[in-house]
Number of protein chains: 2
Amino acid sequence: MKTTATLKKISDHLNISISTVSRALKDHPDVAPETKRRVKELAAMLDYEPNAFAVNLRKKHSNVFAVVVPEISNYFYHSFIQAVEEDARRMGYTLMILQSMNDPDVEEQNLRLCRHNHVAGIFVALTSRTAHMQPFKKLETVDIPLVFFDKVPADETFNKVSIADYDTGRQAAELLLKHRKAPVLAIFGNAQLSITQRREKGFTDVCREAGTLNKLTICYAEHADEAVRHTVQYFQIHGKAFASVFSMSDEIMCGVLKGLNQLQMKLPDDAALLTISNGFLPTLFSPEIAFVKTSGYDLGKLSFSRMMEIMSGKTFVRENFLASTYIPGGSL
Amino acid sequence: MKTTATLKKISDHLNISISTVSRALKDHPDVAPETKRRVKELAAMLDYEPNAFAVNLRKKHSNVFAVVVPEISNYFYHSFIQAVEEDARRMGYTLMILQSMNDPDVEEQNLRLCRHNHVAGIFVALTSRTAHMQPFKKLETVDIPLVFFDKVPADETFNKVSIADYDTGRQAAELLLKHRKAPVLAIFGNAQLSITQRREKGFTDVCREAGTLNKLTICYAEHADEAVRHTVQYFQIHGKAFASVFSMSDEIMCGVLKGLNQLQMKLPDDAALLTISNGFLPTLFSPEIAFVKTSGYDLGKLSFSRMMEIMSGKTFVRENFLASTYIPGGSL
DNA sequence: TTGTAAGCGTTATCAC
DNA sequence: GTGATAACGCTTACAA
């Protein structure tokens, strides 16, 4: 192993002091041009790179951002990470990606690791079971900025960036009504989740306002299998009386498709289908499924710029919302 | 901001030396039990955590592994990362995930970052356009162990872990023959890629050995769209004379499904379908698509154990292969 | 314009 | 058992 180059080695070689080398390398104004040239030349030759540990130790912080998500095997979080990665790289930061495996204990362990490594900032999507926010509060005491995204806490003292779920729900319902697709079977996810509650409220509010609440049937499915079952059962019980199905997520959408398939029903003639999605899965089917797009990528961009604002200091704690857009498809 | 606890603070508080505190905290045998107790108690109270920068600077390496992939938005790499993450965590390491955006320059930049941060080891899947291995060679000179996975270089001086592509191709062909599904339309990906070449060789070798080479039609699709086109065209040209379609990847499979759909053909009666996949997408359709599973997760486990071997020093450079398994589905 | 020296928080090698 | 002390590689007042 060729020993790595350090400031000291360069300074010894050139018979100048370490500090001069250090300054020359960072183009400090008051170092002689000739000296700079010599230093830089040798540094390049020796393939010198500053030792990040030493720099960080000295500066007391690293240029690493952390992203803590319940699961990275998730297209939405992926695109979020992708977006943050792009911006982070552009600003000279790198990203440390941590999974909580949807376990609050692992989540806490991840936070400890972040503190431990003095990361520059943390982006967090909570696990669905995170109960106490104590570990997060602790980050404030060590001045690590925190931005919650997607799965955010109720607590108002935190910075949050989230999907405008209520509006997304409204948007979906409006689309269905506009296309005259009542009566509709709406399948939501876990009823306990706030995301479900907000989307459902938006959806039903529109139906109520339009006076078509009686043409709306709601049910809940926690997994794709359950969505299959509901689809089959509701259509059989109600004698295929639904003009359309609304699905709250990709997973449910997949279930609905399987269900309709079992019933030998064709999209969009036998029934229309509209879902909420981050955008990958709906395009795989034929006809492509119409969806209201909640963009993880855009959320990432928004979160990052929020993080930068927070780090610059001139801002207040608040929650930002990201709007969704309609992507047409042959299923509606 | 509450100042963070350090060894010095604890030692001042207790009027003992820094070294004793350090030793007490790591249960060094020759420190008095009573002293240990007091130190640990105070440390817990002050919420002390060792400063990772200082430790790393001192020890000259960090306990962070890096994973460098072309794209993380890819189910295969996901499961790979998931597996490595699990093992790394268990061993007290953390993971730094870096994307190359399939750009050799970004890839090189990522490697520099790894060196710079003295990572404990690197797992790399090359971009499809990586030409020179110089940057990788450089890692050896600074003693950073390297394991290539999935997209590995031809160079034999590197450690590699990869899918047994040839065998996987064979396995697929054997399954198709066993189910009497000739003639078959086989759609592969980019013909330049070694992964394509190996899978294709395995596939055709079996057909040749079985004497059914004349019942095999091969074509190449770089994107899903192309696969749609090929599917439609080949079936129309050949008057639906194929008993089955073989697809080399998820993306192609999606294209084939759309194509068959356009042709109003039903699986598995009008045509059978077998694909190679990491396992997520094939289960979304109905009937579920039969596939030969190349497990990113298993590859991750294998890579990690390989990394550990390399780090322990008692091993030689070599390439490991991971076998695939058949997952039945209604499409075959 | 350049050099000296203190310190960042730890670990490790000596002494006592 | 415990305590000095010297690194690790870098930045940054403060001198010269």
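Computation of the quantities below employed the complete heavy-atom set of this structure, encompassing side-chain atoms and omitting hydrogens, waters and symmetry-equivalent molecules.
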Q) Rounded to whole angstrom units, what separation is found between the NZ atom of B:Lys8 and the C1' atom of C:dG7? A) 12 Å
(Q) Is it the case that the side chain of B:Asn102 and the backbone of B:Arg129 share a donor-acceptor pair, with hydrogens and angles ignored and the cut-off at 3.5 Å? (A) no
Q. Within the structure shown, what part of the strands sits under 4.0 Å from B:Asp30 by heavy-atom distance: base, sugar-phosphate, or nothing?
A. base
(Q) What is the distance, to the nearest angstrom, from the NE2 atom on B:His61 to the P atom on C:dT10? (A) 17 Å
Q. Any ion pair linking B:Arg90 and B:Glu86 (charged N to carboxylate O, less than 4.0 Å)?
A. no
Q) Tell me: CD1 of B:Ile16 to P of D:dA4, nearest whole Å? A) 11 Å
Q. With a non-hydrogen cut-off below 4.0 angstrom, is B:Lys26 in contact with a base, only sugar-phosphate, or nothing?
A. sugar-phosphate
Q: May I have the distance from A:Lys59 (atom NZ) to D:dT12 (atom C1'), rounded to whole angstrom?
A: 11 Å
Q) Do the side chain of A:Ser19 and the base of C:dT4 come within less than 3.5 angstrom through a donor-acceptor pair of N or O atoms? A) yes
Q. Charged N to carboxylate O below 4.0 Å: is that the case for B:Glu49 and A:Arg112?
A. no
Q. How many Å lie between CG on B:Asp12 and P on D:dG3, as a whole number?
A. 12 Å
Q: Please tell me which of the listed nucleotides, D:dG9, C:dT10, D:dT12, lies nearest to the side chain of B:Leu57?
A: D:dG9
Q: Ignoring backbone atoms, establish whether A:Thr20 has a side-chain N or O less than 4.0 Å from OP1 or OP2 of C:dT2.
A: no
Q. Toward the 5' end of DNA chain D, which comes first, B:Val31 or A:Val55, by nearest nucleotide?
A. B:Val31
(Q) How many whole angstroms separate atom CZ of A:Arg38 from atom C1' of C:dT2? (A) 13 Å
Q: May I ask you to say whether B:Arg37 pairs ionically with B:Glu34, meaning some side-chain N is under 4.0 Å from a carboxylate O?
A: yes
Q) Start at the 5' end of DNA chain D and walk down; is the nucleotide closest to B:His28 or to A:Arg23 reached first? A) B:His28
**Q.** Whether over 12 other heavy atoms sit under 6.0 Å from A:Lys137 NZ
**A.** yes
Q.
By nearest atom, which of the nucleotides C:dT4, C:dT1, C:dG9 is closest to the A:Ser17 side chain?
A. C:dT4
(Q) Under 4.0 Å, counting only non-hydrogen atoms across every strand here, what does B:Lys60 touch: a base, just sugar-phosphate, or nothing? (A) sugar-phosphate
Q. Among the nucleotides C:dT10, D:dC10, C:dT1, which one has an atom lying closest to any side-chain atom of B:Ala54?
A. C:dT10
Q: Using atom CZ of A:Phe53 as one end and atom C1' of D:dA7 as the other, report the distance to the nearest whole Å.
A: 16 Å
